[in-house]
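Values in this document were obtained by computation on a predicted structure and should not be read as measured data. Numbered from 1 within each chain, the chains take letters A, B, ... in sequence-line order.
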Amino acid sequence: MTALMTKLSRSRRRPLPLRLWTARLFQYAILITLALIILGPVITAVLGGLKTTGELYDQPFGLPSVPRWENYTGILSSGVFWRQLLNSAIIVVGTVSMTVTTSALLAFVFSRLVFRGRELIFNFFTLGLLFPVTIAFLPVFIQVRQLSLIDSYFGVILPLVAFGIPGSTLILRGFFRAIPSELEDASYIDGCGTIGFFWYVLLPLARPALGAIVVLQTIVAWNEYFLPLLVFTDDSKWPLTLGIMQFQGQFGTDWGRVMAFVSLLIVPAVLFYILTQRYIVTGLTGGELKG
Amino acid sequence: MGSRSTPRFRFIPRERSDALERSRGGSDQILTVGLFIIPGALVYTLFLIIPIIQAAYYSLYDWNGLGPLNNFYGFGNYERAFGHEVFQSSVLNSLVITSLSLLIQLPLAMSLALMVGRKLPGRAIFRSIFFMPYVFSEIITAIIWTFVYYPGGGMLNTVLGSIFPSYVPQGWLANRDIALLAVFFVITWKYFGLHMILYMAGLQSINGEIEEAARIDGANELQVLRYITLPMLAPTIRLTVYLSVLGSLNQFVLIWILTTGGPANATQVMATYMYRFGIKSFNLGFGSAVAVIIFVISLIFSIGYQRAVMRRDYTGAV
C-alpha cells in the first residue's frame with residue numbers, strides 16, 4: 001500500500017523535475033547559510049586560540065600564519081586550570097548521581113504504584129518546572145547561607161539537584177509508564193517484590209531514558225555559573241565557568257588567549273555533543289525522534 | 001505540569017492490573033512509597049520550595065541580607081519596583097524578547113524542521129549543526145559573541161566590511177537602538193535548535209499516509225501544509241509556545257554577560273534587573289520582591305495557558 005502510494009506520488013512529480021531541483025537548490029542554499037552562521041563564530045573561536053589578537057581581527061576565518069601554542073600552554077601549565085576542571089567534575093558527578101537516583105525513585109512511585117493522593121504529590125513536584133534556577137538563585141542563595149553551606153560543594157550541588165528533579169521525574173515517568181504492565185505482572189508471578197521489579201526489570205529497560213537524564217543534567221551542572229559565583233567565596237572551589245570569566249576579565253582584549261580558553265571548553269563540549277546527541281534528543285522529545 | 005495521562009504513553013491500561021491490585025494499599029506498599037519519595041522530597045523541599053516561600057516573606061522587609069529582619073516594609077518593595085522606570089522598561093524588554101521569540105524564532109525553527117525533517121539528503125548533519133549551540137554554556141556563548149560584536153576588529157564588523165566596501169564599523173552592543181536586537185539574535189542562535197528538534201519529533205509522529213492521501217486527492221503542497229501537517233502538529237506548536245514564553249521571561253545569564261543590562265538599561269530584562277538592583281546593591285528584600293513578581297508572572301501565564309490552550313495535550317514529555 002505504502003509502496004504504491006510512493007510510486008503514485010513519484011509519477012505525479014516526474015513532469016516537474018526542474019522545479020523540484022530549483023526548490024532543492026534553494027533549500028540547500030538556506031540551510032548552508034544558516035549552518036555557516038552557527039558554525040562561523042565557533043570555528044573562529046577555535047582557530048582564534050592559535051592566533052595573535054591582530055590576526056584574529058584581520059582574518060577571523062583564516063588559518064594562523066604561525067600557530068601560537070603558547071596561548072594554550074600558558075593556560076594548561078597553570079595549576080589553576082586543572083583545579084577548576086576538578087571542581088567542575090565534582091559538581092557534575094555529585095549533581096548527576098543524586099538527580100538520577102532521586103528522580104528515578106520518584107518516577108517509579110508516580111508511574112507504577114497506586115496510592116491515595118498520588119497525582120496531587122506528583123503535581124507538587126512538577127511545580128518546580130516554573131522556577132528555573134537561573135531566576136530562583138537569589139532565594140536559593142539565602143537558603144544555602146542559612147544552612148551554612150557557603151563554600152561547600154553541596155551548596156551548589158543540592159540546589160542543582162532540587163531544580164533538576166521536576167524535569168527529570170517528568171521525563172522518566174513517561175518512559176516508565178510506557179513499559180508494558182504484563183512485564184510487571186510476570187515479574188511478580190516470578191516472585192519479585194516491588195523493589196525487585198524496579199531494580200531488575202524497570203531500570204535496565206529504561207536505560208535510554210536514564211542516559212538522557214545523565215546527559216541533560218551533565219550539561220546543566222557543567223554550565224552553571226551564578227550559583228557557584230554566589231556560593232563560593234573561596235576561589236579554590238571555583239569551576240571552569242567562573243575561571244573563564246575571571247580569565248576574560250584579566251586578559252579582556254587579548255582575544256587570542258581568551259579564545260584558547262574558550263576552545264579548551266568548547267572542543268570537549270562538541271565531542272560530548274556528538275557522542276551523546278542521541279540521548280539528548282531522546283530526553284527532550286520523549287523518545288520520538290529517529291533517524 | 002499536569003496529571004492527565006498522555007495518549008502517546010497509554011500502553012498501560014487504565015484499569016489496574018492484577019499485580020497492582022494485589023499490592024495496593026498494603027503496609028508494604030506504603031513503606032516503599034515513603035522510602036522512595038523521601039530523598040527527592042527532602043532535597044526538593046529544602047532547596048526549591050522553602051526558598052521560594054521565604055522569598056515571599058523577605059519581600060515584605062527592607063533587608064540588606066546581613067542584619068536581622070526587623071524592618072517591616074509591607075508592600076513597599078513592590079511599590080518601589082512598579083514605580084521604578086528601569087523596572088518598567090525591563091518588563092517591556094522581557095515582553096519584546098518574548099514576542100520576538102514567538103514571531104521569529106518559532107517560525108524559523110518550524111520552517112527548518114519542515115525542510116530538514118523528512119527526506120532531504122544530509123538532514124542528519126544539518127540537524128546536528130543547528131542543535132549544537134544548545135549544549136554550549138551561556139558563558140562560552142556570551143564570550144564568543146562578545147568577540148563577534150566587538151566594536152574594533154570584531155568578526156561581524158570584519159565580515160561586513162569585506163562584503164560592503166563602504167560599511168562603517170558598528171558597536172553592536174553599545175548602541176541603544178540595536179543592542180536588544182543583537183542580544184535577541186544570540187538567544188535565537190543558541191536556542192532555535194531546541195524548538196526545531198521538538199518540531200521534528202512532532203513531524204515524525206504524523207502518519208505520512210494521510211498527507212499522501214491528500215496529495216492524491218489533488219491538494220498541492222501548500223494546502224497539505226495548511227490543512228494536514230500544521231493541524232496535526234498543533235500539540236507540538238502549543239508546547240513550544242509554552243516553553244518559548246517561559247524561556248524568554250527567564251532569560252538572564254546570556255544577557256548579563258553580554259551587556260550587564262546596558263547600555264543605559266536598554267537590554268535590562270526582569271532577571272537582570274533583579275540581579276542588578278537586588279543582589280549587586282545588597283538589597284535582598286527588594287530583590288526577593290522582584291523574584292516574586294517574576295514567579296507570579298510565570299505562574300499566571302502557565303496556569304492560564306494550560307487551562308486555555310494545552311488542556312487536551314499530552315504532558316508526558318519535556
A.B. asks: Below 4.5 Å from any heavy atom of chain B, which atoms of A/Leu149 appear? Answer side chain, backbone, both or neither.
C.D. replies: side chain

A.B. asks: Is it the side chain or the backbone of B/Ala142 that comes within 4.5 Å of chain A heavy atoms, both, or neither?
C.D. replies: neither

A.B. asks: Please state whether the rings of A/Phe226 and B/Trp256 are parallel, tilted or perpendicular, taking 30° and 60° as the class boundaries.
C.D. replies: perpendicular

A.B. asks: Can you name the nearest heavy-atom pair linking B/Pro121 to A/Tyr28, along with the distance?
C.D. replies: O-OH, 2.6 Å

A.B. asks: Any idea which heavy atoms bring B/Ala55 and A/Pro139 closest together, and the distance?
C.D. replies: CB-CG, 3.7 Å

A.B. asks: Run B/Gln54 and A/Gln146 through side-chain contact (heavy atoms from CB on, under 4.5 Å) and show every step you take.
C.D. replies: CA-CA 11 Å; B/Gln54 275 180 340; A/Gln146 282 168 347; 3.0 Å; yes

A.B. asks: Please classify the contact between B/Leu194 and chain A as side chain, backbone, both or neither, with a heavy-atom cut-off of under 4.5 Å.
C.D. replies: side chain

A.B. asks: Any side-chain heavy atom of B/Ile143 within less than 4.5 Å of one from A/Met245?
C.D. replies: yes

A.B. asks: Which atoms of B/Phe126 come close to chain A, meaning under 4.5 Å heavy atom to heavy atom: side chain ones, backbone ones, both, or neither?
C.D. replies: side chain

A.B. asks: Taking A/Phe141, A/Phe272, A/Phe125 one by one, which has the highest count of heavy-atom pairs under 4.5 Å against chain B?
C.D. replies: A/Phe125

A.B. asks: How close do B/Asn250 and A/Pro132 get, counting heavy atoms only, and between which atoms?
C.D. replies: ND2-CG, 3.1 Å

A.B. asks: Measuring heavy-atom distances to chain A, does B/Val148 have an atom under 4.5 Å in its side chain, in its backbone, in both, or in neither?
C.D. replies: side chain

A.B. asks: With a 4.5 Å cut-off on heavy-atom pairs, point out which of A/Val144, A/Leu158, A/Ile280, A/Thr102 contacts chain B the most.
C.D. replies: A/Leu158

A.B. asks: In terms of heavy-atom pairs under 4.5 Å with chain A, which of B/Asn157, B/Thr146, B/Val290 leads?
C.D. replies: B/Thr146

A.B. asks: What closest approach, in Å, do B/Gly40 and A/Leu106 show between heavy atoms, and which atom pair accounts for it?
C.D. replies: CA-CD1, 4.1 Å

A.B. asks: Please tell me if the side chains of A/Leu230 and B/Ile279 come closer than 4.5 Å, counting only heavy atoms from C-beta onward.
C.D. replies: yes

A.B. asks: Could you check if a side-chain atom of B/Tyr44 sits within less than 4.5 angstrom of a side-chain atom of A/Val161, using non-hydrogen atoms only?
C.D. replies: no

A.B. asks: If you compare all heavy atoms of A/Ala35 against all heavy atoms of B/Phe130, which two are closest, and at what distance to 0.1 Å?
C.D. replies: N-CE2, 3.6 Å

A.B. asks: Please report the interatomic distance CZ(B/Arg127) to CG(A/Leu31), rounded to the nearest 0.5 Å.
C.D. replies: 13.5 Å

A.B. asks: Is A/Leu229 close to chain B through its backbone or its side chain, or both, or neither, when contacts mean heavy atoms under 4.5 Å?
C.D. replies: side chain

A.B. asks: So, B/Phe47 versus A/Phe163, ring centres under 6.0 angstrom or not?
C.D. replies: no

A.B. asks: Out of curiosity, A/Leu265 CG to B/Ile139 CD1, how far, rounded to the nearest 0.5 Å?
C.D. replies: 10.5 Å

A.B. asks: What part of A/Leu120 lies closer than 4.5 angstrom to a heavy atom of chain B: side chain, backbone, both or neither?
C.D. replies: neither

A.B. asks: Is a side-chain donor or acceptor of A/Gln143 paired with a backbone partner of B/Leu46 at a separation under 3.5 angstrom?
C.D. replies: yes

A.B. asks: Can the ring centroids of A/Tyr273 and B/Tyr134 be said to lie less than 6.0 angstrom from one another?
C.D. replies: no

A.B. asks: Which atom names give the shortest non-hydrogen contact between B/Ile144 and A/Met259, and what distance separates them?
C.D. replies: CA-CE, 4.4 Å

A.B. asks: Could you tell me which portion of A/Gln27 (side chain, backbone, both or neither) has an atom closer than 4.5 angstrom to a non-hydrogen atom of chain B?
C.D. replies: both

A.B. asks: Name the member of B/Ile257, B/Leu246, B/Leu35 that forms the most heavy-atom pairs with chain A at distances under 4.5 Å.
C.D. replies: B/Ile257

A.B. asks: What part of B/Ile140 is in contact with chain A, defined as an atom under 4.5 angstrom from a non-hydrogen atom: side chain, backbone, both or neither?
C.D. replies: side chain

A.B. asks: What part of B/Tyr199 is in contact with chain A, defined as an atom under 4.5 angstrom from a non-hydrogen atom: side chain, backbone, both or neither?
C.D. replies: neither

A.B. asks: Heavy-atom distance under 4.5 Å to chain A: side chain of B/Thr158, backbone, both or neither?
C.D. replies: side chain

A.B. asks: With chain B as the partner, which of A/Trp222, A/Phe137, A/Phe198 has the greatest number of non-hydrogen pairs under 4.5 Å?
C.D. replies: A/Phe137

A.B. asks: Using a 4.5 Å cut-off on heavy atoms from C-beta on, say whether the side chain of A/Phe131 contacts that of B/Ser298.
C.D. replies: no

A.B. asks: Which atoms of B/Phe185 come close to chain A, meaning under 4.5 Å heavy atom to heavy atom: side chain ones, backbone ones, both, or neither?
C.D. replies: side chain

A.B. asks: If we define contacts as heavy-atom pairs under 4.5 Å, which of A/Val109, A/Ile38, A/Leu130, A/Thr218 has the most with chain B?
C.D. replies: A/Ile38

A.B. asks: Using non-hydrogen atoms and a 4.5 Å limit, figure out which bit of B/Leu299 sits close to chain A: side chain, backbone, both or neither.
C.D. replies: both

A.B. asks: Given that the side chain runs from C-beta out, which part of A/Val215 has a heavy atom under 4.5 Å from chain B: side chain, backbone, both or neither?
C.D. replies: neither

A.B. asks: So for B/Val292, is it side chain, backbone, both, or neither that comes closer than 4.5 Å to the heavy atoms of chain A?
C.D. replies: neither

A.B. asks: Decide yes or no for A/Asn223 and B/Val135: does some side-chain heavy atom of the first lie under 4.5 Å from some side-chain heavy atom of the second?
C.D. replies: no

A.B. asks: With only heavy atoms counted, which part of A/Ile219 is less than 4.5 Å from chain B, the side chain, the backbone, both or neither?
C.D. replies: side chain

A.B. asks: Side-chain contact test, heavy atoms from C-beta onward, threshold under 4.5 Å: evaluate it for B/Pro39 versus A/Thr101 and give yes or no.
C.D. replies: no

A.B. asks: Surrounding CZ of A/Arg145 (heavy atoms of other residues, nucleotides or ligands, distance under 6.0 Å), is the total greater than 12?
C.D. replies: yes

A.B. asks: Measure A/Thr241 against the heavy atoms of chain B and call it side chain, backbone, both or neither at under 4.5 Å.
C.D. replies: both

A.B. asks: Quick one: of A/Gly128, A/Gly164, A/Ala104, A/Ser187, who has the most non-hydrogen atom pairs under 4.5 Å with chain B?
C.D. replies: A/Gly128

A.B. asks: Rounded to the nearest 0.5 Å, how far apart are OH of B/Tyr275 and CG of A/Leu138?
C.D. replies: 10.0 Å

A.B. asks: Contact part of B/Phe131 toward chain A, heavy-atom cut-off under 4.5 Å: side chain, backbone, both or neither?
C.D. replies: both

A.B. asks: B/Ser111 versus chain A, heavy atoms under 4.5 Å apart: side chain, backbone, both or neither?
C.D. replies: neither

A.B. asks: B/Phe301, B/Tyr58, B/Trp189: which one forms the most heavy-atom pairs within less than 4.5 Å of chain A?
C.D. replies: B/Trp189

A.B. asks: With a 4.5 Å heavy-atom cut-off, do A/Ile142 and B/Trp63 have their side chains touching?
C.D. replies: yes

A.B. asks: Measuring from atom CE of B/Met155 to atom CD1 of A/Ile43, what distance do you get when rounded to the nearest 0.5 angstrom?
C.D. replies: 9.5 Å

A.B. asks: For each of A/Arg116, A/Arg24, A/Glu224, A/Arg118, tally heavy-atom pairs with chain B at distances under 4.5 Å, and name the one with the top tally.
C.D. replies: A/Arg24

A.B. asks: Distance check, rounded to the nearest 0.5 Å: B/Thr188 atom OG1 versus A/Ile37 atom CD1?
C.D. replies: 11.0 Å

A.B. asks: Take A/Thr285 and B/Met200 through the side-chain contact (heavy atoms from CB on, under 4.5 Å) test and state the conclusion after the steps.
C.D. replies: CA-CA 9 Å; A/Thr285 63; B/Met200 287 172 80; over 6 Å; no

A.B. asks: Could you tell me whether the side chain of B/Ile37 reaches within less than 4.5 Å of the side chain of A/Leu105, counting heavy atoms only?
C.D. replies: no

